[in-house]
Amino acid sequence: MKRLSFLLFVCAVAWNVSAQNLVPQPVSISRGEGTMMLDTYPRIESSSVELAPLARYLGDFLTGGRVDLTLDPVLELPVEGYRLKVTREGAHITGKDYNGVWNGIQTFLQLLPAPPVITIEDWPLMPYRGVMLDVARTFVPKEQVMRIIDNLARQKINKFHWHLTDNEGWRIEIKSYPLLTQVGAFRGGDSPIWAIYGEWDKKYGGFYTQDDIRQVVDFAAVRGVEIIPEIDLPGHSRAAALSYPEILCSYTPNLSASAGYDTRDVWCISREENYQMLDIIIGEIASLFPSPYIHIGGDEVNTHQWAKDPNCEGLTQAYFTNRLVAIAEKHGKTAAVWNEAAASGQIPKSTLVFGWENVTAARKAAANGYPTVICPGEYFYFDMRQSDSEPGHNWAGVVTTEKVYSFDPERINNIKENRTSSAAEEIYGVEATFFSELLLENETPSPASSAPASHSFVGIEAPLFTSVVMEHGLDFIDYQLFPRVCALAEIGWTPASRRSWADFERRMGLVDDAGKPADTTHPASGTHLARLAEMGIKYRGSKELMRREPEGKLLDVTPTTSITSQRAPIEGDWYLWTFEQPLICREIDVKTGRDHLQRTGFPKGRVEISYDGKNFTKIAELNDLKATVRPEKPVRAIRVVCESHGNGESSTQVQPLRVR
Ligand code: ACM
């Protein structure tokens, strides 16, 4: 009998939840009769001054009705939990803490425009539900960053990991080292940082002043979002190195492969002045962000640069990380790192580790006793493409909304590893062996690894690197985030026993009530997609899907079959395709660089065609690294000729021709 009534309860919950299409699905709901009256003027009362920003926030949405906001630290719910009670007379939102009230408000807003009489008790499964935004590869102005934070907070995402520096740019003002932004925040033109990803001629970029940072931090705090700043060290630091070259190891680099461009990107590990400089930089950053954490990077360090400097002999990444952990601590912060920095197990166990390379890396960090954020590429990297024919990275495969949803954080130890190459292998090419060795070394199970302590997993995060945003525009960030982040928000919030993909898909409006794919360009009213549309979010599916052209008939066009040369192109370099039989076709696409990572292309160049196999004539200029040509006659040969010096890299790639 007990069992039967439990089942009935669960069915009722499922029905009620579905009726409101709430995302993420709340933990418990009971619904009454009728709806809340909204015909009076809006009245919002709050129990404490601390809630004043939330009352103001809610006021912007409410056209009528009464809402009481209460902070109740002894409420018998977990942290960030809330009780939302809607009666005919009004709504009462009681939060365990500030974030609890925020979360309750968000659920209440999803009940508009006609809130039913309902009681919801709700709290998150995991304390850390984050998104990382890289603003180094593509600069994202502060207004856009705040808009993104607002949109994420409305999904009950509570951490914003701000990737502020990388090879392509240093985006945060450091008053003691002004060149970091005066030089390091701009690419192209007369900047020593070469333009990449297609914008070759003009100087472009940007950075946040310390006032901008404070403004964004305050904006996020109102929404219950903690910002964790990241300064990626000691690798991924080319922008810093081109601003202050003395931070590099002292050896004369061979720049012939990169046409004279210094691609070195690692802080010298033995130079004592570097630690003094980083102490000052971290001190300034620490004072800007209230988060207890500062993320110091640690991913994909090209240690070959240390190996070339005799002063660095014997010093390992663990040495560098421990020096930085101590600096962070001096400034009142706990260090956070990418998983490679903790692989040795030789850094303090308080360090927050981000397991990104794959699920195994996250499991290992937790097994070694580190509080761990789960962010493996194959489930959570939102820069991965969403189908084979859409733009995006692919080193961790296709990451669909369903794939994100399929990850059950409560069962991470049972997830079958779908091992892909790491980004490091793809990006560094020649150094792939080094990274493979690192992975193999990590394969040796440590005694604890068979049963990692599940409490070590503090939550989940979706990183979004913006390497391909440049060529698509900032709306592409919406397209990469939504609706995948709604899936992330739900798996981080709702226990697996209370959710299912089929129900999520329906609540979102990805399918109709019969389970058939819906027209997402016109989302059904009351679905979560309709809410996103109302918020002005350009989610994937809000308009015609971005598709890449149909693949050619002649050659295999997978990116791995690109032709690569191990030096930058110089003026006059060419690639030639000759055809044994004259090729009859309508169009040929010639593309340099990789589709998803264009920096290895020809910044400037022309395409020449030959109809007799001997004489070539120019038929097109490369535009954005590529050209489509329309031959007049059967073709005997095609040649693409470089007209610029270097491309900012030490390699060149040309893709197979696509022929139609
Ligand atoms: C990373 O994707 N290199 C952390």
Side-chain angles (χ1 to χ4, degrees), residues 128 130-138 159-169 171 197 228-240 263 265-267 293-303 317 320-321 324 335-343 351-362 364-365 370 372-385 392-397 399 404 419-429 431-432 434-436 438-439 442 459-469 477 480-481 484 488 594 596-597 599:
Y128 190 114
V131 165
M132 186 213 83
L133 183 67
D134 154 36
V135 294
R137 294 170 195 196
T138 298
K159 309 285 175 188
F160 182 72
H161 168 180
W162 207 357
H163 185 81
L164 287 161
T165 72
D166 212 307
N167 286 337
E168 296 78 11
R171 305 291 179 204
Y197 308 131
I228 295 145
E230 180 188 353
I231 304 301
D232 204 348
L233 304 165
H236 284 271
S237 296
R238 199 185 300 162
T263 58
D265 61 352
V266 183
W267 291 68
Y293 295 105
I294 180 163
H295 198 307
I296 53 168
D299 57 318
E300 302 176 311
V301 184
N302 185 345
T303 55
Q317 187 176 357
F320 179 88
T321 310
L324 269 290
V337 296
W338 296 109
N339 59 252
E340 298 100 306
T351 312
L352 181 64
V353 178
F354 287 64
W356 71 276
E357 284 183 290
N358 43 53
V359 177
T360 307
K364 276 183 183 140
Y370 293 104
T372 301
V373 177
I374 306 163
C375 50
E378 69 264 42
Y379 287 95
F380 296 154
Y381 262 48
F382 286 178
D383 41 305
M384 294 304 130
R385 57 183 65 158
H393 289 161
N394 69 351
W395 66 260
V399 175
V404 178
R419 177 64 66 84
T420 54
S421 63
S422 84
E425 288 169 54
E426 189 159 316
I427 291 164
Y428 284 99
E431 268 125 31
F434 161 70
F435 289 103
S436 311
L438 192 72
L439 284 175
N442 290 353
I460 55 180
E461 176 174 289
L464 202 174
F465 285 93
T466 53
S467 326
V468 298
V469 168
I477 295 178
Q480 290 179 305
L481 284 174
R484 289 187 289 196
L488 183 92
R594 282 190 252 182
H596 66 290
L597 204 59
R599 59 194 187 194

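For ligands, and for the atoms within them, numbers begin at 1 and follow the listed sequence. The figures here come from the full heavy-atom set of this structure, side chains too, leaving out hydrogens, waters and symmetry mates.
For Thr165, the side chain to side chain contact (heavy atoms under 4.5 Å, CB included) test picks out Trp170, Ile231, Asp232, with sequence neighbours left out. The salt bridge (Lys or Arg N to Asp or Glu O under 4.0 Å) search around Asp134 returns Arg137, not counting sequence neighbours.
For Glu300, a nitrogen or oxygen atom sits less than 3.5 Å from a nitrogen or oxygen atom of ligand 1, counting backbone and side chain alike. Looking at ligand 1, you won't find any N or O of Trp338 less than 3.5 Å from one of its N or O atoms.
Within the 4.0 Å heavy-atom shell around ligand 1 one does not find Phe354.
Interface atoms of ligand 1 facing Tyr381, defined by a heavy-atom separation under 4.0 Å, are 1 (C), 2 (O), 4 (C).
Aromatic pair Phe380/Trp356: centroids not less than 6.0 angstrom apart. Aromatic rings from Trp162 and His295 are positioned such that their centres are separated by 6.0 Å or more.
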